[in-house]
Amino acid sequence: MKQILQQLIQDAFYTNFDKKISANIDMPKEAEFDYSSNIALQTAKELGKSPKDIAAILEKDLKDTHDAIESIEISGPGFLMFTMKKSFLFSLVHNNAKTWGHTKNEDKKIMVEYSCLNAMKPFHIGHLRNMFLGESIARILETQGYNVFRANYYGDIGMNIAKCIWGLRNINNNTIPATPRLRGDSMGKCYALGGTAYKEQENAKKEIQQISKELYLGDNEDTQKIFQQGREWSFEYFETIYKKLGMTFDQHFYESQSWKPGMEIIKKHIGSLFTESNGAIVFEGEKFKEKLHTRVFINSEGNPTYETKDMGLCSQQNEAFAFDQNIHVVGNEQAGYFPVIFEAQYQVFPQLRDKQYHLSYGMVKLKDGKMSSRTGDVLYGDWLIDEAESKVSEILSSRDIADKENVIDKVAVGALKFGMLHIQPKNDIIFSLEKSTQFEGDTGPYVQYAYARISSILEKITPETFDDAVLIQNLEEADWNLIRHIQYFPLILQRCADEKTPHYLTHYLLKLVSNFSSWYSANSVKHADSPELQAGRIKIIKLLQITIKNGLHSLGIEVIEKM
RNA sequence: GCCCGCAUAGCUCAAUGGUAGAGCAGUGCCCUUCUAAGGCAAAGGUUACAGGUUCGAUCCCUGUUGUGGGUACCA
């Protein structure tokens with residue numbers, strides 16, 4: 001509907017003012033209208049007319065241009081306010097379940113690179129935010145008709161691995177932990193041990209650098225053995241996390257496989273794009289673009305840095321999926337890093353120019369401040385999942401539900417996802433265990449609960465069949481208010497995709513569900529005044545149910561029929 | 001030093017240049033009811049500060065303060 005109104009306004013504007021413009025259609029704050037446009041205010045200065053006059057001219061021209069429009073009014077300083085016909089609003093209930101809210105766009109190919117856990121390193125709560133955000137963005141882009149490719153990129157070679165190997169060699173415990181998770185935890189601890197030693201002990205630092213060198217050369221049998229074993233354990237452990245969080249990837253990429261092609265590319269361009277400085281090979285970003293800086297691609301030991309691995313990666317990724325855009329979901333501490341390496345990549349591969357995108361997000365912080373993965377002062381991701389699960393389990397203990405374990409799992413993971421996606425990516429999350437495990441107010445469980453309530457109603461009532469015209473006649477004002485709010489769902493998804501943030505969706509769903517809860521306490525479906533009213537309400541809450549389901553799906557959250 | 005974020009109610013967060021809104025917490029109500037994990041009501045604001053642009057600024061620009069991150073061989 002938004003596109004239709006946009007087109008109508010643009011046409012009317014062209015007819016009257018001989019100018020092509022792009023019109024904005026918004027959701028008005030006043031509930032009595034369905035859509036609004038500020039086009040008259042936008043163009044008033046340019047046209048040298050008062051906004052009200054422009055609005056009046058457009059209003060006259062737009063009248064009766066479309067069946068779905070009931071009336072157009074001019075509000076305030078010159079907003080065009082549209083009210084839609086009830087028949088149009090009600091026709092929404094015939095939407096196809098799976099694609100309701102979706103928009104058909106051109107078949108653009110978008111790669112989303114996220115998760116990017118590092119082998120032999122701890123899995124902390126910041127990774128959770130990364131995975132939730134990446135998966136949600138991928139799903140939101142899919143609703144817009146884009147061809148989405150999910151990529152995962154593992155840090156599985158280099159200093160981080162060396163630190164863990166050092167830790168494994170220096171820890172006083174040779175027993176192998178029994179489960180993938182315990183092995184993951186154990187390696188995380190060893191990494192922290194190595195990280196601390198690297199900073200505090202000069203000889204440990206040298207040993208770790210030596211291990212890193214051996215990893216690239218592949219010339220030390222014992223190092224290779226620990227490396228291969230640790231790598232295997234890590235991936236085995238990560239799989240359990242992905243399964244728990246409900247995500248799969250189209251392809252995994254590895255630093256251990258991208259550094260060699262990266263090195264070849266860099267070496268080919270030494271002297272032109274890359275230069276030697278203090279024994280290292282660097283890219284002098286400031287020479288290519290304003291505000292960039294110099295970064296090391298090959299260190300003085302002759303080993304590749306992350307920069308070089310990323311160079312190899314971009315070529316591998318483009319080969320795997322010739323993307324129009326590649327969204328790298330990475331924390332904002334690397335906001336300075338990406339512009340430099342993107343420029344280096346564009347210099348080498350001009351066809352990639354402007355296709356790389358860093359989707360930056362803030363830290364998940366404790367109240368005490370930043371948590372560092374180097375000192376071991378971390379909150380583990382699966383610890384947080386455990387906490388959420390035990391909290392949910394406690395609340396559900398008095399309820400008699402089938403397949404309780406599964407419900408607890410879905411509610412707990414959903415609560416974490418919703419909680420983190422509720423905050424716009426660029427802002428930090430001040431993490432509080434107390435808040436995140438609460439089940440009142442702005443939370444995922446609140447939305448899931450509304451879904452379950454609707455399911456419960458639908459399960460108990462089989463409505464009689466009537467023509468739409470009859471149903472429309474019998475619905476009450478409160479019912480229309482519900483459906484009015486539902487109609488904005490496609491706009492919200494579109495905006496989330498345009499701005500690459502799911503937080504509009506969480507806010508929308510909360511508002512939608514809160515409207516439903518009010519409506520629910522004041523209006524009964526079961527005890528509706530007439531069979532006609534009941535049948536109409538059933539149609540509306542079915543649409544509402546689909547909206548919640550599709551909305552939560554775009555956040556990576558599953559719905560629950562009974563909870 | 002330089003670069004990039006952020007600053008909105010007690011707390012956690014929203015607001016595409018168009019009347020600053022939610023949820024927690026605190027206050028007062030509502031369960032023989034389709035799931036009370038719910039609902040209703042009241043209360044809570046000099047949008048860090050100072051300028052500028054605009055008919056109109058939380059939003060755009062400049063400066064100040066506070067705060068977080070980055071700033072060559074980590075990722």
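In what follows, chains carry the letters A, B, and so on, assigned in the order in which the sequence lines appear, proteins first and then strands, with residues in each chain numbered from 1.
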Base partner of B/C40, which must satisfy Watson-Crick or wobble distances under 3.5 Å: B/G28
Just N and O in the side chain of A/His503: are any of them under 4.0 Å from OP1 or OP2 of B/A15? yes
What's the CZ-P distance between A/Arg295 and B/C73, to the nearest Å? 8 Å
Which of these nucleotides, B/A37, B/G68, B/C34, is closest to any side-chain atom of A/Met563? B/A37
Nucleotide forming a Watson-Crick or wobble pair with B/A7, both distances under 3.5 Å: B/U65
Report the residue from A/Leu505, A/Leu544, A/Leu512 that forms a side chain to side chain contact (heavy atoms under 4.5 Å, CB included) with A/Phe489. A/Leu505
Whether the side chain of A/Thr305 and the base of B/A75 hold a donor-acceptor pair under 3.5 Å is what I'd like checked. no
Could you tell me whether the phosphate oxygens of B/C4, OP1 or OP2, come under 4.0 Å of any side-chain nitrogen or oxygen in A/Gln334? no
Specify the separation, in whole Å, of atom CG of A/Leu421 and atom P of B/C13. 14 Å
Name the one of A/Tyr306, A/Trp259, A/Phe274 that satisfies ring-ring contact (aromatic ring centres under 6.0 Å, His included) with A/Phe297? A/Phe274
Tabulated below should be each protein N or O lying under 3.5 Å from an N or O of nucleotides 56-62 of chain B; please produce it.
none

Nearest-nucleotide check on RNA chain B, A/Glu499 vs A/Ile157; residue mapping nearer the 5' end is A/Glu499
Between B/G68 (P) and A/Asn332 (CG): distance, integer Å: 14 Å
Do A/Val447 and A/Ile557 have side chains that get closer than 4.5 Å, going by heavy atoms? no
Let's test this: given Watson-Crick or G-U wobble pairing with both distances under 3.5 Å, identify the partner of B/A57. none
Do the side-chain N or O atoms of A/Asn427 get closer than 4.0 angstrom to the phosphate oxygens (OP1, OP2) of B/A14? yes
Applying the side chain to side chain contact (heavy atoms under 4.5 Å, CB included) criterion to A/Ile408, which one of A/Lys391, A/Glu389, A/Met563, A/Glu394 satisfies it? A/Glu389
State whether A/Lys121 places a side-chain N or O below 4.0 Å from either non-bridging phosphate oxygen (OP1 or OP2) of B/A75. no
Could you state the atom-to-atom distance from CE of A/Met159 to P of B/C74 in whole Å? 5 Å
Would you indicate, yes or no, if B/C74 has its OP1 or OP2 atom less than 4.0 angstrom from a side-chain nitrogen or oxygen of A/Lys163? no
Does the side chain of A/Tyr153 reach to within under 4.5 Å of the side chain of A/Asp310, using non-hydrogen atoms? yes
Keeping the roles fixed (side chain from A/Asn303, backbone from A/Asn299), state whether a donor-acceptor pair exists under 3.5 Å. no
Using a cut-off of less than 4.0 Å, is there contact between a side-chain N or O of A/Ser521 and OP1 or OP2 of B/U33? no
B/A37 phosphate, OP1 or OP2, under 4.0 Å from A/Arg399 side-chain N/O: yes
What residues from residues 529-541 of chain A pass a heavy-atom cutoff of under 4.0 Å to RNA chain B? none
Does the side chain of A/Arg495 get closer than 4.0 angstrom to OP1 or OP2 of B/U16 through an N or O atom? yes
Looking at A/Tyr520, does any N or O in its side chain come under 4.0 Å of the phosphate oxygens OP1/OP2 on B/A36? yes
A/His422 side chain, from C-beta outward: closest of B/C13, B/G70, B/C34: B/C13
With nearest nucleotide decided by heavy atoms, which residue, A/Lys562 or A/Gln209, maps closer to the 5′ end of RNA chain B? A/Lys562
Rounded to whole Å, the OH-C1' distance (A/Tyr446 to B/C13) equals 16 Å
Assign the ring pair A/Phe418 / A/His422 to parallel, tilted or perpendicular, where the plane angle (0 to 90°) is split at 30° and 60°. parallel
Checking base pairs now: Watson-Crick or wobble, both atom distances under 3.5 Å. What partners B/U71? B/G1
When the distance from CE of A/Met27 to C1' of B/A15 is rounded to whole Å, what number comes out? 11 Å
Run through A/Asp428, A/Asn130, A/Asn332 and flag the one making a side-chain hydrogen bond (donor to acceptor under 3.5 Å, both in side chains) with A/Tyr361. A/Asn130
Does NZ or CZ of A/Arg231 lie under 6.0 Å from the centre of the six-membered ring of A/Tyr254, at an angle within 45° of the ring axis? yes
Taking CG from A/Asp428 and P from B/A14, how many angstroms apart are they, rounded to a whole number? 11 Å
Carefully, step by step, assess A/Gln209 and A/Glu301 under the rule side-chain hydrogen bond (donor to acceptor under 3.5 Å, both in side chains). CA-CA 9 Å; A/Gln209 280 170 340; A/Glu301 300 272 304; over 6 Å; no
Exactly one of A/Glu286, A/Glu343, A/Glu284, A/Glu307 should register a salt bridge (Lys or Arg N to Asp or Glu O under 4.0 Å) with A/Arg295. Which one does? A/Glu307
Does B/C4 have OP1 or OP2 sitting under 4.0 Å from an N or O in the side chain of A/Lys291? yes
Any A/Ser456 side-chain N or O less than 4.0 Å from OP1/OP2 of B/U35: yes
Strictly under 4.0 angstrom, non-hydrogen atoms only: write out the protein contact profile of nucleotides 21-28 of chain B, one letter per nucleotide from the 5' end, B, S or -. -BSSS---
Between A/Lys289 and A/Phe342, is NZ or CZ placed under 6.0 angstrom from the six-membered ring centre and within 45° of the ring axis? no
Going by purine N1 to pyrimidine N3 plus the second Watson-Crick contact, or the G-U wobble pair, all under 3.5 Å, which nucleotide sits opposite B/U47? none
Is any side-chain N or O of A/Tyr504 closer than 4.0 Å to OP1 or OP2 of B/A15? yes
Quick one: classify the glycosidic conformation of B/C31 as syn or anti, with syn meaning within 90° of 0. syn
Does B/A37 have its OP1 or OP2 closer than 4.0 Å to a side-chain nitrogen or oxygen of A/Tyr449? yes
What does A/Asn523 touch in the nucleic acid at a heavy-atom separation under 4.0 angstrom: a base, only the sugar-phosphate, or nothing? base
Would you call the rings of A/Tyr488 and A/Tyr35 parallel, tilted or perpendicular, where under 30° means parallel and over 60° means perpendicular? perpendicular
Between B/A75, B/G69, B/U35, which nucleotide gets closest to the side-chain atoms of A/Met363? B/G69
Closest of B/A14, B/C73, B/A75 to the A/Ala280 side chain is B/C73
Send over the distance from A/Ile423 CD1 to B/U8 P, rounded to a whole Å. 14 Å
To the nearest 0.5 Å, what is the distance between NZ (A/Lys417) and CG (A/Leu555)? 9.5 Å
